[in-house]
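Report on one structure; see the data block that follows.
Keep in mind that what you see is a predicted model, and the values were worked out from it rather than measured. Throughout, a chain's letter reflects where its sequence line sits, starting with A, and its residues are numbered from 1.
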Amino acid sequence: GENVEQHPSTLSVQEGDSAVIKCTYSDSASNYFPWYKQELGKGPQLIIDIRSNVGEKKDQRIAVTLNKTAKHFSLHITETQPEDSAVYFCAASNPGNQFYFGTGTSLTVIP
Amino acid sequence: SAVISQKPSRDICQRGTSLTIQCQVDSQVTMMFWYRQQPGQSLTLIATANQGSEATYESGFVIDKFPISRPNLTFSTLTVSNMSPEDSSIYLCSVEYSYEQYFGPGTRLTVT
């Protein structure tokens, strides 16, 4: 089965700086890679995703990159704000199959 | 996107009792999932519930402990049976919609 590893487990950045979270996956058949943001006391919220036919996707201050050859994908948050503080999860999936989640990254943005 | 609601949002239960968690989605979906999330941990899939068929359970989870119903394309329930303190966790309902997966707000369960 798929194995998703996520790093770092915790990340602190100054407000306005960039944050990068990285994930690797093992199954070359995986072709869908979503990122979720989970705030305290809430369910995970889908914030951005990328499919294997695309190398990069951007939505305002967040972007995701995918390297299929190396089997890794990353979340980039620019101009971080205190409201970006949350736990972020990556996942890998083959549509129609199970989603495999990373272990999560706790991001703290220091005002 | 799909909007998911769960009831109850939280509960405190006595050891040995059962709790049924409800999940309602605003769109018709084929696949619904139930996850468990221990504090500070990642998401663990309990089972997949497709309408019209028996739920499929992941290793370590059994139907007698976590019976699931899926009566239609917008609703599902998960029962946590004969609870023990080890069942204290957040239980999350999730759906696959347009090849994306969406989560409900979760049910925070504490067993005393």
Check: A:K71 and A:S26 side chains under 4.5 Å, non-hydrogen atoms = no
Ordered numerically, the heavy-atom neighbours of chain B under 4.5 Å found in residues 100-111 of chain A are A:F101, A:G102, A:T103
Side chain to side chain donor-acceptor pair (under 3.5 Å): which pairs involve residues 57-73 of chain B, sequence neighbours left out?
-> B:K65-B:D87, B:S69-B:T77, B:N72-B:T74
For B:Y102, enumerate each residue passing the ring pair (Phe, Tyr, Trp, His ring centres under 6.0 Å) test, keeping only those at least two apart in sequence or located in another chain.
-> none
Portion of B:S98 that has a non-hydrogen atom of chain A nearer than 4.5 angstrom | backbone
Over all atoms of both residues, closest heavy-atom pair of B:C23 and B:M32 | SG-CE, 3.5 Å
Give a yes or no on whether the backbone of A:D27 and the side-chain of A:E2 come within a donor-acceptor separation of less than 3.5 Å.
-> yes
Part of A:Q38 lying under 4.5 Å from any heavy atom of chain B | side chain
Using non-hydrogen atoms and a 4.5 Å limit, figure out which bit of A:P34 sits close to chain B: side chain, backbone, both or neither.
-> neither
Kindly assign one of parallel, tilted or perpendicular to the pair B:F103 and A:Y36, based on the angle between their ring planes and the thresholds 30° and 60°.
-> perpendicular
Salt bridge (charged side-chain N to carboxylate O under 4.0 Å, His left out) partners for A:E39, two or more places apart | A:K37, A:K42
